[in-house]
Protein chains: 2
Amino acid sequence: MNRPYQLKLPPGAVTSLLLRLEPRSATPLHEQIFEGVRLRILRGELASGWRLPSSRQLAAELDVARSTVLQALDALAAEGYIVTRAGASTRVAPELPIAPEDRPRSHASRMSRGPRLSHSARARKPIPVGAPRLGTAPRAFRPGVPALDLFPAALWGRTVTRVHARASTGLLDGGDPLGHAPLREAIATHVSSSRGVRCSAEQVFVTTGTQQAFDEILRISLDPGDAVWVEDPGYPGVRRAVLAAGGFPAPVPVDSEGLDVSEGIARARHARVVMVAPSHQYPLGATLSLVRRMALLKWAERTRSVIIEDDYDSEFRHRGRPLTALQGLDEAGCVVYVGTFSKSMFPGLRLGFFVAPPTLVDAFASTRAAFPAPASALEQAALAVFIEEGHFARHLRRMRVAYWERGEALLEALRADCAGALTPRDCDTGMQLTASLAAPLSDVSVRDEAARRGVEVAALSEYAFSRRREAGLVFGFGCVRPEALREGTRTLARALEAAQGRGGGIE
Amino acid sequence: MNRPYQLKLPPGAVTSLLLRLEPRSATPLHEQIFEGVRLRILRGELASGWRLPSSRQLAAELDVARSTVLQALDALAAEGYIVTRAGASTRVAPELPIAPEDRPRSHASRMSRGPRLSHSARARKPIPVGAPRLGTAPRAFRPGVPALDLFPAALWGRTVTRVHARASTGLLDGGDPLGHAPLREAIATHVSSSRGVRCSAEQVFVTTGTQQAFDEILRISLDPGDAVWVEDPGYPGVRRAVLAAGGFPAPVPVDSEGLDVSEGIARARHARVVMVAPSHQYPLGATLSLVRRMALLKWAERTRSVIIEDDYDSEFRHRGRPLTALQGLDEAGCVVYVGTFSKSMFPGLRLGFFVAPPTLVDAFASTRAAFPAPASALEQAALAVFIEEGHFARHLRRMRVAYWERGEALLEALRADCAGALTPRDCDTGMQLTASLAAPLSDVSVRDEAARRGVEVAALSEYAFSRRREAGLVFGFGCVRPEALREGTRTLARALEAAQGRGGGIE
C-alpha cells in the first residue's frame, strides 16, 4: 500500500475504506481486507464508534465477492475491532483505547526505549570465552570440540531410527521428569564402574548439559549474593552460571595440586557452594590432591556446603587408570557430581546428567515434579540403548587412544614449530593442552594475530579472575586430525613472530 | 568382605593387609586390592605414615601375581593414598587429614544432615498440578496431553533418520546458540502466517519448551522480589516459574474477557512482568478482549514492563479463524511471544521457542553466547525439515478437526452421563474443557473419588491462587479417542454420586 492514507475522514460515517488490494499476492483477499482495516483502526485513522460502509458497498468498491468482505468483517468482529449487529450498521468498536496522542510518536522512537532489564542482565559484561569462533565447522585449535570425525554417526543414526520405530505413546509423552529410567540406570552403572561414583539410578537426574546442571544445582543451594568458590583460572561457564543464579563468584587460586582449599577457606569461609574440577582442572590440567580432597570434604561437611564436582573430560585419560571421582570419597552427602555426553558423544546431542547425594534427591525431585525432563525423550531412549549395547564404552576406548595420539602429535608439532616461544604443560587427559609463552608477550594479542591468520587458540589470561594473570595459549586438539596439526602450528609460529615483531607486549 | 576388620594393628609397620579377595568376582583382582586398601585408609584403619608390606610379601599373602599387586599400588599412589619411593618402603601418605574422631559418627547420621538448601528451595511447597497421574500411558481425562495416537510417528521417524544420515560435523557440534538457523526461519514463517506474529528469524530463540522460555525471559526481566502478574486461576507452571526466578507472583483475576487489566494495575502497579495467555486462558478458556489487550500494551509501554504471551493451544481453534496474537499489536517492543511444539508435535520432543521484541534481542543473545542452544541440534534440524516440507501444517489441520470431534464427543458424553451434576463451559479451542459443579461439592474430593476409579480429572479450585475458588473439573480430551470417552464419563458419574453420597462437600 504505497498510496498515502487520507487522514481526514467524514466523522461518524466512513464512505470508503481506501484500501488497495493486491490480487496477485499470496495473501488471500479477505486477509488483505482484514489487515488493512485493522491497521487503520490501530493507527486511529478509523476512530472508535465510526460507521463502516455496508458489506455490499465494500464489495462493489473493492471489486470482490461479497462473501470475501463478509469473511474479513467476521474476523474483525471476532477479534473485537468492529461491532456488527443484525439489522444495524457495522461500526468500529466503541471502547478502544486509542487516543490521538498515541499516534505522533514513531514506531522507531517507541521501540528504542523498550522494557527495563534486571540489574543482573544490565550488569552482564561479556565473559571472554577464549578462542574466537572463525566459522561453524570445527578447526585447529578450537578448545572443547571432541573428535567428531571419529564419532560413529551411522551407528548412532541406526540406534535413533530403531528407537523411533518402536516408540510408545508413553515415550512420545515425555515420561519421567527426572529422566528416562533406562538411561538413568545406564548412567548409574557407567559412572560407578568407570569413575568410582557411588550411586543408584534414583540419584541420577538427566539434563541438557553441564550449564543446565550447574544452574539447577546452584538454584537449590544459593540465596541471592551467596559466595561460591570458583577456580582461578577456570572455566568461564562456571562464573557465568554463578552470576546467572544470583551468586557471588569468589575466586580461589589453583596450583599444581589443584584448588587451594585453605586459601578458599581463608578468603570465603561463608561460601555455600564450591565449584571444582578435581580430576582435570581447566585450563591448567592439575589434579586435586588427596590431601586437599579430604580437607575440602571435611570443610563442606562442617559448613553444610555443596560441592559441585565438574568431572569434565575425565573419561579421556590417555593412558593408565583414570582417577576416581571426588564423589566416591563423600560420606556426608555434600557432593553433586556433574557429567555430560557433549564430549563423549557429541555437543549437539544436549544430554548430560548430575548425580545428587541422597540428602538432596528430594529437593531436586520436587523442583522437577510435574514437568517433563528437559531433554528429548527419544534421544534419551536411544542413548540408553547405545550404552547398554556397549557402543558407548567402545567409542570411549577409541577416543582415549585418539586423544593420546592427537595430543602427542600436537606436542611434537609445537616442538618443531614453536619450540623457543611456547612451553607446553603436561597433558595426560582430555583434548586440551596449555602452553606458557616464553617471551613477555600478551597472549591476547597472539591469539588475535593467530585468528587473523585463520587459527583459533584461546588466551590463558582470559580464564583468570584475579589480576595475577599468567600469559599462555590453550589449544584444543580434539577435533584436529594429526596430519592437519602441522599447518596450524606453522601458522601459529608466524603469528607469534608477528606479535613479537609488533611489540605486542603485555599491556 | 564379611570378616570384621582387626582394628589393632602394629603401629608403624603393617604385616598383613587383611584383605579377602573374590577370585570369581567380575571386578579384577587389582581393583579389589585397590579398593580394599583405599577403604581401610579412609576408615583410619591404616593410618597416615604407616609402612605397608612389600609387593612381594603382599603377592605371597594374597596368592596373586606380583604384577597384580604392583598395579594396585600404582593406582593407590596415583591417587595419593600411598607414597612409594624407589629403594624405600611403601607407606600410607603422611598428611592425610583423617583423625580418629572422624570415625565414630556413622555414615547414616552424617548423611542425615546434608547441605543447607536455599530459602526458596526450603520454602517450596508442592504446587498442585490438577490431575493425578495414574500411570505412564495417557488416559481419560488427563489435561495437556495431545492426540499422540494421531501423530505421524513413522513420518517423523523417517525425517529424523534422513537428517541423521546427512548430518554434518557442524550439526554434531551443536551450531548456533540461539537455535538451528533453518528452524528459526521456519518458526518465523509459521508464526507470522498462522498467528499474526510480526517477526524475523533473528528474533526467534529455540528452547526446550515453555518452562525454559519462561525462566529465560523472567531472569532477564526480574530482580529478586519483583512482582509479576499471574492469571488467577491459571496454569501452575507460570507460578512455579515466577517463584523459581525469584519473583513475587501477584494474582490478577480472570473473567469472561480474560485477564482483568485494571485490577492488575490497581493491585500491582509496580509489577515488572505480566504473564498472560490472551488467546485461550487456562483453565477457563476466555479470550482477552481487544479493549484489554490495548490497555495492557499501553500500561506495559508506559511502565516499561515485559509481557510474556503464552500462546498455548491457540493453533487448535476448532473452527474458524484463529485469533491473532497479542504480539502483533505491540508497537513498543514489550511482548515476548512464547510457543511450544509439545502439543503440536509431542511433549517428549522438548522443543519450543520464544520471539523476542527487537528491543530485547541483544539481551537474550548475550545470555546465550558461547553455549550451544539448549535443545538437540539434530532434532531441531529434523523439525525444520518437517515444517518446510509441509508435514507440520498438514498435521495441525488434522489435529484441529480431531480436537473438534473429541471435544464435541466429550460434551455429548457429559450431557448423557453427568447432565445434572456438571455444567460445561464453551470449548472452541484446544484439548481441554472446564465444567462447573452443580452441587456444592468439593472438586478435590470428586477428583480423588474419580482417581480411585481410574479416571483422571483436575480440580478447578487447585488452579486458583486466591481464596475465592470456583469448584469445577478440568477435562483433557486430547489423548482420548471418541469411542473411549463414554467409559470415562460413566465412571465419573459414579464418582460424582459417591462424592455426593459421602457428603464430600466444600471444606
Side-chain angles (χ1 to χ4, degrees), chain A residues 75 79-80 95 97 107 110-111 114-119 121 129 136-138 148 153 157 160-161 164-165 167 169-174 208 211 220-224 289-291 294-295 304-306 321 323 331-334 346-348 350 358-359 363 366 370-372 374-377 379, chain B residues 75 79-80 95 97 107 110-111 114-119 121 124 129 136-138 148 153 157 160-161 164-165 167 169-174 208 211 220-224 289-291 294-295 304-306 321 323 331-334 346-348 350 358-359 363 370-372 374-377 379:
Chain A
E79 300 214 359
E95 290 161 344
H107 185 192
R110 292 168 78 184
M111 275 283 182
R116 286 170 298 170
L117 296 175
S118 65
H119 287 288
V129 288
T136 53
L148 297 174
V160 170
T161 299
H164 272 77
T169 51
L171 202 53
L172 292 177
D173 193 22
T208 57
Q211 290 299 127
I220 77 149
S221 320
L222 286 187
D223 290 311
S289 68
L290 185 62
V291 172
M294 301 193 64
R304 301 185 64 200
S305 307
V306 171
R321 192 174 181 289
L323 299 180
E331 299 288 334
C334 295
F346 55 94
R350 309 316 311 142
T359 49
S366 90
F371 298 110
S376 159
E379 290 196 330
Chain B
E79 299 214 359
E95 291 161 344
H107 185 190
R110 293 168 79 183
M111 275 282 183
R116 287 170 297 169
L117 296 175
S118 65
H119 287 289
R124 189 177 294 128
V129 288
T136 52
L148 297 173
V160 170
T161 299
H164 272 76
T169 51
L171 202 53
L172 292 177
D173 193 24
T208 58
Q211 289 300 127
I220 77 150
S221 321
L222 285 187
D223 290 311
S289 68
L290 185 63
V291 172
M294 301 192 66
R304 302 184 63 200
S305 308
V306 171
R321 193 176 180 287
L323 299 182
E331 299 288 334
C334 293
F346 55 94
R350 308 315 313 141
T359 49
F371 298 110
S376 159
E379 290 196 332

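So that the names make sense, note that chain A is the first sequence line, chain B the second, and so on, each numbered from 1. The analysis underlying the following values was restricted to heavy atoms, covering all of them including side chains, and did not include hydrogens, waters or symmetry mates.
Heavy atoms closer than 4.5 Å to chain B are found in the backbone of A:Leu222, but not in its side chain. Heavy atoms of A:Thr161 lying under 4.5 Å from chain B belong to its backbone as well as its side chain. Only the backbone of A:Leu171 comes within contact range of chain B, with at least one heavy atom under 4.5 Å from a heavy atom of that chain.
Here the closest heavy-atom approach between residue B:Ala375 and residue A:Arg350 is recorded as O-CG, 3.2 Å. Across A:Thr359 and A:Ala332, no two heavy atoms sit closer than the pair CG2-O, 4.2 Å.
Among B:Thr208, B:Leu172, B:Leu117, B:Val306, the residue making the largest number of heavy-atom pairs under 4.5 Å with chain A is B:Leu172. Note on A:Pro224, A:Pro115, A:Gly157, A:Ser221: by heavy-atom pairs under 4.5 Å with chain B, the leading option is A:Pro115.
The shortest side-chain heavy-atom distance between A:Pro347 and A:Leu148 falls under the 4.5 Å cut-off. Between B:Glu79 and A:Leu290 the shortest side-chain heavy-atom distance does not fall below 4.5 Å.
Note that CD of A:Glu379 is 3.0 Å distant from OG of B:Ser376, once rounded to the nearest 0.5 Å.
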